[in-house]
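Atom set for the values below is all heavy atoms of this structure, side chains included, hydrogens, waters and symmetry mates excluded. Read the numbers this way: they start at 1 and go in the same order the structure lists the ligands and their atoms.
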Amino acid sequence: MRKSIVLFLTLALADTAAAARDPHSYAEPDRFLVRHVALDLAADFAAHRLEGAAELTVERIDSEATELHLDTRDLEIRSVQMIQASGQARILPFTLDAPDPVLGSRLTIGFTSCCAVSDALRLRIEYRTSAEATALQWLEPAQTSGPHPYMYSQGQAIHARSWIPIQDSPAVRLTYTARIRTPPELTAVMSAARVEDADLAPGEYRFEMHQPIPAYLIAIAVGDLKFRSLGERVGVWTEPSRLAAAANEFADLPRMLEAGERMVGPYRWDRYDLLIMPHSFAFGGMENPRLSFISPSVVAGDRSLVAVIVHELAHSWSGNLVTSATWNDFWLNEGFTTYLERRLFETLYGERRARMEDAIGYEFLVQAIEDAKAAGLPQDSSLLLNLAGRDPDEGTSDVAYEKGRWFLGYLEARFGRPAFDAFLREYFDSHAFQSMDTAGFRSYLLTQLVRPGAPAIPVAEIDEWLYGTGMPATTPPIPGGVFDAVDRAAAEWRAGRLAVGDLPVHDWVPQEWMRFLEGQPADLSDARLVELRSHFRLGADGNAEIARSWLALVVRTAFEPAYADLERYLLSTGRHKLVVGLYRDLARTEAGLELGRKIYARARPGYHATIRAAVERLLGPDAIRTS
Ligand code: BES
Ligand code: ZN
């Protein structure tokens, strides 16, 4: 009797956990788990498709389960076969549901009389991707920096399903191998180890990923790619014309990796390489394991924007080693990573530069909290999100990054730095290659807090950080002063007490330039704008972040003489952080909206699907007007 009550309770709890699991996946990891996928794909640059097969190794978790549900989006499924121990294949029935606009199509594979002998199943799915696959971008030679085409994938958040039929939930980890065929003049790279094999034909590549990762971290790029080593474990891949500049920009990579290991423990992925992408790449960086994908806008020429590299490297622990279990727990990836990024940045480049990054990040955070409130979604400023029914790319913001960073800053202050560092190291060690959700982190933290010597932290304070909106009362003092000198000089110049030529710009780092430009008011006179523009040659080129801050000022002040630069800039980069904010600012006025739509009509073909979606949300239903 007692036993059955316990069992009932356990089942009820398990049920709640399952229900809360992942609102963005059809996978049912408590029934079947996909443990491994072997990809065999050919890249068809004419048709913009990947075509071939995925062989899934599936473990049956629930012995009663007879249907496997996988995530797909826009895939054309040719056949599903079960590969028997004898090697023989048997056709299996499958159904592909009508697509849900956010989740895609559920693929259901039925096992009528299988699995009596073994619970490890091998399923071969023959398929091809759509030319519209949301993960994939196919670039014409004109969109690259050489005479060849290029393609790449972007899995995060829920795009892996548009190129692989898979359990596309960050709570499910799997290993993978791949055989990729490309036109012989192109090179394929993946977030995996390359298998060198004399038998490979030209244009044939093999990869193996031995560490289990979530599907969103399976990544591929194909193009005219060359490699330069930067140290024993590190190097850079990119198109030949970018190689020298990239190698110079990221010469600190070995030091970064060592700093990471010193702080949070051994690097578990063997190699850490960078792939410098074409300009349309949608992100500053994407932490694909062993091979971060990096925007060329980070190659500033003076190593001033390497915080992005430190950030993506830090994901080797927070995100890739310990992974947020659902996109609602996104802050566990990005907040931890932003915290580690700032700590490592401080070690590598000094306290002052790190506090500048903090101050800039905090401004973005305040804006994100205001935007969430203005949109009638104040709960989006909570660390734990509720993105059920929404596209996770839409609901995530700087809150996860910067509020998450300050939550850990708050814990650091309570623990003391050495004790908190020990806490972090143990957290990564004890949860390596696992997924974590907000409740799981909370209970881990609470168990650590009852250990002798731990600080006394009221649970209510922790819960306010995790579940409350806006910034908690216990927010540590945010370092402000780093930009005081810049702010003073700006005010003096505006008041006419300092000539433009006397602004102390000679020792400004780009972050100070950004502060100077972002701090200018919307009613700055045209005469002042002309002065800035000509004296400092502000435009669409040079440091991409300074250019963004200048162009944001151009939009804010409706400074028409610089609209051509704005257009050129929006046509030349596709990075989320650089373009989406500019369109958002444009959309604040009627005339701006008009201009934004006009520019977007031309820029759209160069943007990745996720950027198109973000911009179209801002510009409204007329966004795609092509007149
Ligand atoms: N993992 C993110 C990029 C991402 C987030 C892709 C959400 C898809 C959905 C990456 O680590 C990141 O945060 N990139 C930032 C740079 C970073 C320095 C803040 C970016 O792209 O701007
Ligand atoms: Zn990140």
Margin query: Salt bridge or not between Glu341 and Arg405? Use side-chain N to carboxylate O under 4.0 Å.
Written below: no
Next item on the list: Among the N/O/S atoms of Glu334, select the one at the shortest distance from the Zn ion (ligand 2) and name it.
Entry: OE1
Note to self: Quick check on side chain to side chain contact (heavy atoms under 4.5 Å, CB included): which of Met471, Gln367, Glu357, Lys403 does Tyr362 satisfy it with?
What the structure shows: Met471
Note to self: Side chains of Ser130 and Arg49: any donor to acceptor distance under 3.5 Å?
What the structure shows: no
Margin query: Just verifying a value: how many Å separate Ile218 CD1 and Ser191 OG, rounded to the nearest 0.5 Å?
Written below: 7.0 Å
Next item on the list: To the nearest 10 degrees, calculate the angle at the Zn ion (ligand 2) involving NE2 of His311 and NE2 of His315.
Entry: 100°
Note to self: Between Trp406 and Tyr401, is the ring centroid distance below 6.0 Å?
What the structure shows: no
Notebook entry, point to check: Does the ring centre of Tyr152 sit less than 6.0 Å away from the ring centre of Phe281?
Noted result: yes
What are the polar N/O contacts of ligand 1 with the protein below 3.5 Å, with distances?
from	atom 1	to	atom 2	distance (Å)
ligand 1	1 (N)	Gln156	OE1	2.8
ligand 1	1 (N)	Glu287	OE1	2.7
ligand 1	1 (N)	Glu287	OE2	3.2
ligand 1	1 (N)	Glu334	OE2	3.0
ligand 1	11 (O)	Glu287	OE1	3.0
ligand 1	11 (O)	His311	NE2	3.3
ligand 1	11 (O)	Glu312	OE1	2.8
ligand 1	11 (O)	Glu312	OE2	3.2
ligand 1	11 (O)	His315	NE2	2.9
ligand 1	13 (O)	His311	NE2	3.2
ligand 1	13 (O)	Glu334	OE1	3.4
ligand 1	13 (O)	Tyr401	OH	2.7
ligand 1	14 (N)	Gly285	O	3.3
ligand 1	14 (N)	Glu312	OE2	3.4
ligand 1	21 (O)	Gly284	N	2.6

Check: Quick check: does any side chain N or O of Glu346 sit under 3.5 Å from a backbone N or O of Ala354, one acting as donor and the other as acceptor?
Finding: no
